[in-house]
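Worksheet: the structure to be examined is printed underneath.
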Amino acid sequence: MNYRILDRVPSTVEHAALAAAVGWQSHFDDEVRGASLAASLAGVVCVDEHGTVVGMARAVGDGLQYAYVQDVIVDPRCEGLGIATDLVSRLIELLQPDDDIELFVGLFASDAAVGVYESLGFSSDEAVGMHRKLRGAAS
């Protein structure tokens with residue numbers, strides 16, 4: 001399969017289709033998906049020879065000291081082609097800070113994806129990834 005990596009955040013429709021392809025529909029709120037994507041620091045998509053988006057990755061954070069790789073998704077029909085590695089590699093290039101500034105780039109990785117991230121220089125340094133979900137109070 002021939003594919004290209006483009007420097008852009010996916011559309012809400014493209015994002016929803018990729019999330020559905022990997023069973024992640026419940027991870028996203030359709031009411032805020034568009035605003036969330038628009039607030040990304042950077043994004044990349046992978047398109048096939050027909051122009052269909054088959055993968056994506058984006059970064060969130062302040063872009064000054066901290067960035068987090070988010071929503072690395074590849075259509076299961078395209079797994080094993082190196083698309084995730086190419087997406088994250090390009091995203092890291094886009095995040096490269098100027099001058100002598102150090103940018104902390106973090107992420108959460110599934111067990112299956114650890115090798116991809118390690119090949120790109122990420123390490124756990126014995127850190128423990130943690131998270132907490134907050135929900136707004138309904139009025």
Side-chain angles (χ1 to χ4, degrees):
M1 178 181 112
N2 293 323
Y3 64 86
R4 294 179 298 133
I5 304 297
L6 304 177
D7 297 345
R8 70 172 178 84
V9 176
S11 70
T12 56
V13 171
E14 293 164 341
H15 186 272
L18 286 170
V22 297
W24 288 4
Q25 302 94 313
S26 65
H27 296 350
F28 303 101
D29 182 338
D30 287 335
E31 290 185 33
V32 297
R33 186 188 310 260
S36 177
L37 290 169
S40 301
L41 293 175
V44 289
V45 296
C46 178
V47 296
D48 66 14
E49 59 271 7
H50 307 291
T52 302
V53 172
V54 296
M56 66 151 296
R58 68 183 183 118
V60 299
D62 63 22
L64 301 171
Q65 290 187 305
Y66 302 101
Y68 293 87
V69 175
Q70 192 72 35
D71 302 346
V72 179
I73 309 172
V74 176
D75 188 307
R77 296 172 295 180
C78 302
E79 286 180 358
L81 300 175
I83 292 172
T85 301
D86 289 347
L87 286 166
V88 176
S89 179
R90 178 60 186 151
L91 188 62
I92 296 303
E93 288 175 6
L94 294 175
L95 293 172
Q96 186 65 43
D98 294 329
D99 302 320
D100 195 30
I101 296 170
E102 183 175 78
L103 179 69
F104 173 91
V105 181
L107 56 82
F108 287 99
S110 66
D111 289 339
V114 167
V116 169
Y117 297 119
E118 286 178 341
S119 75
L120 295 167
F122 287 86
S123 66
S124 63
D125 292 333
E126 300 182 28
V128 175
M130 300 177 76
H131 69 276
R132 178 178 173 190
K133 295 181 180 180
L134 301 176
R135 178 166 298 279
S139 17

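With a 4.5 Å cut-off between side-chain heavy atoms of Ile, Leu, Val, Met, Phe, Trp and Tyr, the cluster of Leu64 takes in none.
Under the 4.5 Å side-chain heavy-atom criterion for grouping Ile, Leu, Val, Met, Phe, Trp and Tyr, Ile101 is not connected to Phe104 through any hydrophobic cluster. In the hydrophobic clustering of ILVMFWY residues, with side-chain heavy atoms under 4.5 Å counting as a link, Ile73 and Val47 come out together. A continuous path of Ile, Leu, Val, Met, Phe, Trp and Tyr side chains, each step under 4.5 Å between heavy atoms, connects Leu18 with Phe28, placing both in one hydrophobic cluster. The same ILVMFWY cluster, assembled from side-chain heavy atoms under 4.5 Å apart, contains both Val88 and Leu81. Leu103 and Val69 fall within a single hydrophobic cluster, where Ile, Leu, Val, Met, Phe, Trp and Tyr are joined by side-chain heavy atoms under 4.5 Å apart, directly or via other members.
When each of Val13, Asp48, Val45 is checked for a side chain to side chain contact (heavy atoms under 4.5 Å, CB included) with Val53, only Val45 meets the rule.
In this structure a side-chain-to-backbone donor-acceptor pair under 3.5 Å is present from Asp62 to Gln65.
Considering all non-hydrogen atoms of both residues, Leu107 and Phe122 come closest at CD2-CE2, 3.5 Å. The heavy-atom pair separating Val72 from Ala84 by the smallest distance is CG1-CB, 4.3 Å. Across Cys46 and Ile5, no two heavy atoms sit closer than the pair CB-CD1, 3.8 Å. Heavy atoms only, all atoms of each residue included: Ala42 and Leu95 are closest at CB-CD2, 4.4 Å. Between Met130 and Phe108, the shortest heavy-atom contact is O-CZ, 3.0 Å. Nearest heavy atoms, Arg33 versus Ala19: NH1-CB, 4.4 Å.
If you take CG on Leu120 and CG on Asp86, they are separated by 9.0 Å, rounding to the nearest 0.5 Å. To the nearest 0.5 angstrom, His15 atom NE2 is 3.5 Å from Asp71 atom CG. For the atom pair Tyr66 OH and Glu102 CD, the distance stands at 9.5 Å (nearest 0.5 Å).
Considering only residues two or more places apart in sequence or on other chains, His27 meets the ring-ring contact (aromatic ring centres under 6.0 Å, His included) condition with Trp24.
Contact annotation: the side chain of Val105 approaches that of Ile92 to within less than 4.5 Å [non-hydrogen atoms, C-beta and beyond]. For the pair Ser36 and Arg58, the minimum side-chain heavy-atom distance is below 4.5 Å. The shortest side-chain heavy-atom distance between Leu41 and Tyr68 does not fall under the 4.5 Å cut-off. With a 4.5 Å cut-off on side-chain heavy atoms, Met56 and Glu14 do not count as touching. The side-chain heavy atoms of Leu87 and Leu91, taken from C-beta on, include no pair separated by under 4.5 Å.
Within a 6.0 Å radius of CD in Glu31, other residues, nucleotides and ligands contribute 12 heavy atoms or fewer.
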